[in-house]
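First up is the structure itself, then whatever we jot down about it.
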Amino acid sequence: MRKSQLNNDREMVTIKVNFEYNGSIISAIFITGEIGLIIDITHRVPEGFVLADGQSAHFVLHPVLTKGVVIKLVDLKVKPSNKNNSNIKRVAPGTIIENKIHFMTKTEHEICRGTIRGPEKSKVRIQCPPGYRFTSDYWNFAIVSSDNPHQKVYVVPLQNQKSPKQTESLDSIFEHRTSLSGFFMTYSSNGIIPVFNGQGLTIYNMSNNYDLKVSHCADLHGTTYLEIAQDIWVNAQDVIQYQPLECRVEANEASDIRLFDCQGRVTSRGILTDQNIWYTDRKINVNGTTLYRVTETGWLSSRDVHELKKADSD
């Protein structure tokens, strides 16, 4: 089931997050998500600031918050010279910035994503996904931006034509294939998942938490690879198989709920205080324990929560 289908019946809410420093709102962002979703704003804090002592980096989306959330900040690194530019984020010269590149079709369907890094406003060349071309031959680069960490690049499918050289020489090294289906997502400890063509060459990289459609698996030199497009492969060690869900989970006890990553490692404790029911769109099994995803990177353990039947969650 696609994410768009899972979203149809979800109760969504949009929250305005206000960042406050010295009693003044210096910037704001809007976050939309399922009611009960855990939000981590650690990486959304404006450049040059950190969270104030005692200020939680997490909160749970709920209709009572629609009037706004205030996040208090301290330790201003670059102080604005006047009120007119107080919303402008300053980046120290030479700072390496990371941007996500989302390769999109004209119908806003995401084909894949990658990561670029570089100083502010630097030009970085990007490679088009296999089987696609840029909408413009001149659009083969992106400009690194601290204000636009998620950038869209539009691509269109290539015509189903092969050059003589491709027909003659580009034979796949993944010969012994077995049909495989299921739901998979990318994950690597370093956040970089190489994607290989049929000759075993890396053609681009993907980041974590990207959903894949797998059609075949193949063993090559003792390593298992999964086919995610026509003769396009990823290492099976860089993906996690999951079971899609459309339900809610409820805390067994109200205190000290632990948040895990997809490897079963505890990332935080006791951040869930006012909420005891959360929406989940998938579950995985890690060392015999079921984990339920409640944020893009956060999971709850079956030791702490249990699934609610649809009638109970309404």
Side-chain angles (χ1 to χ4, degrees), residues 1-3 5-6 10 33-34 36-40 42-43 57-58 60-61 112-113 115 178 180-195 205-219 222-228 233-273 275-310 312-313:
M1 182 178 293
R2 294 181 178 274
K3 287 184 178 179
Q5 293 174 293
L6 291 173
R10 296 168 63 180
E34 168 77 7
L37 189 70
I38 303 169
I39 300 301
D40 182 351
T42 304
H43 301 294
H58 303 82
V60 178
L61 291 183
C112 66
R113 66 184 68 172
T115 302
T178 303
L180 179 65
S181 62
F183 298 87
F184 298 84
M185 58 182 284
T186 56
Y187 179 79
S188 174
S189 58
N190 62 9
I192 300 175
I193 293 88
V195 179
N205 294 318
M206 288 192 296
S207 57
N208 287 340
N209 304 306
Y210 182 70
D211 290 343
L212 300 175
K213 181 179 180 180
V214 173
S215 57
H216 296 90
C217 65
D219 288 331
T223 300
T224 300
Y225 293 85
L226 305 181
E227 187 178 32
I228 61 174
W233 303 80
V234 295
N235 192 319
Q237 294 183 345
D238 291 334
V239 303
I240 296 172
Q241 188 168 12
Y242 68 89
Q243 178 182 338
L245 291 176
E246 188 177 3
C247 71
R248 289 174 171 80
V249 292
E250 182 178 34
N252 297 331
E253 297 180 1
S255 61
D256 197 29
I257 300 297
R258 298 165 297 174
L259 198 63
F260 295 81
D261 64 15
C262 62
Q263 298 294 294
R265 297 181 291 248
V266 176
T267 58
S268 59
R269 293 176 180 269
I271 64 169
L272 312 178
T273 55
Q275 190 83 7
N276 64 347
I277 297 179
W278 303 271
Y279 174 83
T280 179
D281 68 344
R282 65 191 61 183
K283 65 181 178 181
I284 58 177
N285 186 285
V286 179
N287 298 325
T289 299
T290 300
L291 298 180
Y292 299 91
R293 190 172 82 158
V294 291
T295 73
E296 186 179 27
T297 60
W299 302 72
L300 298 179
S301 170
S302 57
R303 298 176 180 176
D304 298 326
V305 300
H306 60 273
E307 291 184 34
L308 286 176
K309 297 179 180 179
K310 186 172 181 58
D312 296 331
S313 60

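These figures come from a predicted structure and were not determined experimentally.
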Value rounded to 0.5 Å, distance of OH in Tyr225 from CG in Asp219: 10.0 Å
Candidate pair Trp278 and Glu250, rule side chain to side chain contact (heavy atoms under 4.5 Å, CB included), full reasoning: CA-CA 7 Å; Trp278 303 271; Glu250 182 178 34; over 6 Å; no
Polar side-chain atom of Asp211 near backbone of Phe183 as donor-acceptor pair, under 3.5 Å: no
Over 12 non-hydrogen atoms of neighbours within 6.0 angstrom of CG in Asn190: yes
Steps toward side chain to side chain contact (heavy atoms under 4.5 Å, CB included) verdict (Met206, Val234): CA-CA 10 Å; Met206 288 192 296; Val234 295; 4.0 Å; yes
Side chain Asn285, main chain Gly288, donor-acceptor under 3.5 Å: yes
Closest non-hydrogen atom pair between Ser207 and Arg113, with its separation: OG-CD, 3.2 Å
Beyond-backbone contact of Pro244 with Asp281, side-chain heavy atoms, under 4.5 angstrom: no
Closest contact, heavy atoms only, Trp299 versus Arg293: CE3-N, 3.2 Å
Sub-4.5 Å side-chain heavy-atom contact between Asp304 and Phe260: yes
Student check: side-chain heavy atoms of Asp238 and Pro194 closer than 4.5 Å: yes
Least distance between heavy atoms, Arg258 atom then Leu300 atom: O-CD2, 3.3 Å
Spacing of NE2 belonging to His216 relative to OG1 belonging to Thr178, to within rounding of 0.5 Å: 8.5 Å
Contact summary for Tyr279 and Cys247, nearest pair of heavy atoms: CD1-O, 3.5 Å
Polar side-chain atom of Thr186 near backbone of Tyr210 as donor-acceptor pair, under 3.5 Å: yes
pair Val249-Glu307: side-chain heavy atoms closer than 4.5 Å: yes
Side-chain heavy-atom pair Leu212, Leu226 within 4.5 angstrom cut-off: no
Passing candidate, side chain to side chain contact (heavy atoms under 4.5 Å, CB included) with Asp261, options Thr267, Leu291, Val286, Thr297: Thr267
Minimum heavy-atom distance between Gly191 and Asn208, given as atom pair plus value: CA-ND2, 3.5 Å
Residue pair Val195, Asn205: steps toward the side chain to side chain contact (heavy atoms under 4.5 Å, CB included) verdict: CA-CA 6 Å; Val195 179; Asn205 294 318; over 6 Å; no
Rounded distance [0.5 Å steps], CE in Met185 versus SG in Cys262: 5.0 Å
Closest non-hydrogen atom pair, His306 against Asn252: ND1-OD1, 2.7 Å
Test side chain to side chain contact (heavy atoms under 4.5 Å, CB included) applied to Gln263 and Ile240, step by step: CA-CA 9 Å; Gln263 298 294 294; Ile240 296 172; 3.6 Å; yes
Side-chain (Thr280) to main-chain (Arg248) donor-acceptor, under 3.5 angstrom: no
